[in-house]
Number of protein chains: 2
Amino acid sequence: MPAKENLRPGGRSARVQASVHSAVRSLLKTMDRADVTIPLIAAEAGVTPSTIYRRWGELQELLADVAVERLRPDMLPIDTGSARGDLEVWTEQYCEEMSSGIGRDMMRDVLAAQDNANACKCDAFTREQIALIAERAHVRGEAFPDIDAVMDGVVAPIIYRILFGDQPSIERVRDLVTNVLAASPTRPRQPASAPISG
Amino acid sequence: MPAKENLRPGGRSARVQASVHSAVRSLLKTMDRADVTIPLIAAEAGVTPSTIYRRWGELQELLADVAVERLRPDMLPIDTGSARGDLEVWTEQYCEEMSSGIGRDMMRDVLAAQDNANACKCDAFTREQIALIAERAHVRGEAFPDIDAVMDGVVAPIIYRILFGDQPSIERVRDLVTNVLAASPTRPRQPASAPISG
DNA sequence: GCGCTAAAAGCAAATAATTTGCGTTAATGG
DNA sequence: CCATTAACGCAAATTATTTGCTTTTAGCGC
């Protein structure tokens, strides 16, 4: 159970959490993640190791906790004037960020933790960004696919490739965007009239 | 650096590796993975802990090593007589296996390791299975999409959802298969849409 | 504000995991 | 069969983790 923003968000507790997070970020900048230990973080943060052990349990949870904060989008998707442009630009940026060494590491930290709440959060962040683009498209009167379609057609392939070895090229990313925009123009979810049994 | 099948695959070394792997599998059956430690595995396997430390470095690598073996497909994709049937049945089975508690854990172990060679292996396993289905389709004279298209359109969405919180429903899995078969009938890579009757 | 309660932090001792140096075993190659 | 050396076992040294207890302080009713 990562403490995070539950239980007693007041003064000292919050200060300790901030200090620990900051220590982790700082250490990860200068050393290999394999060499980062809880006692080291504690020293850097100016707290005792047992505080970290009691709050986060193990290094993995703490790293996931820090990573998810860094994966939180810090800006609105760029408005290019068109849905296609918005999605293309956002996707390329997202892909670049995630396939960078830091992005990969953060994603791994989030997925490696026992608690998958952080992974869900990352998914939610991404959906929110896409929802913003979709909303803008709607306001403009443009067609835009379902969020799930974008997740399946664009986000999932990018993440899969990053996690399982490949680095998606920019051309492939553009293809993914093209395909998802071509496939489901505006309808919520209606795959086809198929002979559904059961 | 997981030792695995490099360097001196002979008698004793191989025996130790097998014993350690078996010990890990055995322990994971009866206890929570959070409680599995290297000294415990060593005791179960009848080796000294330092042997494990020297060969695998850390628990995470050993777990990844064991997990990738369990993720290796142990049978050919079922031949249903048609490409669609083959892909549907294989996909459903794959999805079920991966979204089970054990499948999830194994995938997490593979992704959590520093060394991403194991993750690449998993990807390769999946591609091989799909290649077999594709080949059968080819022999039958049926259209079949590019392997990459299947990875992007079917495998990636399933894995993404499993990793990031959702469990894909069987209906969605069927939709994914339907869409990928409809989209790119036989050509390597052509995002165009043509009403083709197979 | 003031004190009460308990959550969270600190400290230090106890326990457990990891690393390391060195001697031994046994796979590999000639 | 012998030489070479990777891999193992053992045990001591180091480092990380857990835990019992004390102290600090946030949250809350008055």
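Labels below follow one simple rule: chain letters A, B, ... track the order of the sequence lines, proteins then strands, and each chain is numbered from 1.
Whole-Å rounding puts the B:Leu62 CG to C:dT18 P distance at 11 Å. Residue B:Arg12 contributes atom CZ, which lies 12 Å from atom P of C:dT28 at whole-angstrom precision. When rounded to the nearest whole Å, the span between CD1 of B:Ile52 and C1' of D:dA7 equals 14 Å. For the pair B:Arg15 CZ and D:dG9 P, the computed distance is 10 Å after rounding to whole Å. Atom CG of B:Leu59 and atom P of C:dA17 are 11 Å apart (whole Å). When the C1' atom of C:dA27 is taken as reference, atom CD of B:Gln17 falls 15 Å away, rounded to whole Å.
Partners of A:Ser82 according to the side-chain hydrogen bond (donor to acceptor under 3.5 Å, both in side chains) rule, which considers only residues two or more places apart in sequence or in another chain, do not exist here. Residues satisfying the side chain to side chain contact (heavy atoms under 4.5 Å, CB included) criterion with A:Asp166, sequence neighbours excluded, are A:Arg161. Under the side chain to side chain contact (heavy atoms under 4.5 Å, CB included) criterion, A:Asp74 pairs with no residue, sequence neighbours left out. Residues passing the side-chain hydrogen bond (donor to acceptor under 3.5 Å, both in side chains) test with B:Tyr94, sequence neighbours excluded: none. Applying the side chain to side chain contact (heavy atoms under 4.5 Å, CB included) rule to A:Glu96 yields no partners; only residues at least two apart in sequence or on another chain are considered. Residues satisfying the side chain to side chain contact (heavy atoms under 4.5 Å, CB included) criterion with A:Tyr160, sequence neighbours excluded, are A:Phe164, B:Asp123, B:Met151, B:Val155, B:Ala156, B:Ile159. For A:Arg33, the salt bridge (charged side-chain N to carboxylate O under 4.0 Å, His left out) partners two or more places apart in sequence, or in a different chain, are A:Asp105, A:Asp109. Legend: residues meeting salt bridge (charged side-chain N to carboxylate O under 4.0 Å, His left out) with B:Glu97, ordered by chain and number and at least two apart, are absent. The side-chain hydrogen bond (donor to acceptor under 3.5 Å, both in side chains) search around B:Ser169 returns B:Glu171, not counting sequence neighbours.
The rotation axes computed at either terminus of the helix from C:dG1-D:dC30 to C:dG30-D:dC1 lie 50° apart, taking five pairs at each end and rounding to 10 degrees.
How far OG1 of A:Thr48 is from CZ of A:Arg54: 8.0 Å, rounded to the nearest 0.5 Å.
Residue A:Ser13 places none of its side-chain N or O atoms closer than 4.0 Å to OP1 or OP2 of D:dT25.
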Under-3.5 Å N/O pairs linking protein and nucleotides 18-20 of chain D:
from, atom 1, to, atom 2, distance (Å)
D:dG20, O6, A:Arg54, NH2, 2.5

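Ion pairing between a basic and an acidic side chain is recognised when a charged N comes within 4.0 Å of a carboxylate O; B:Glu61 and B:Arg55 show no such pairing.
At a non-hydrogen distance threshold of 4.0 Å, A:Thr37, A:Ile38, A:Pro39 from residues 35-48 of chain A come into contact with DNA chain D.
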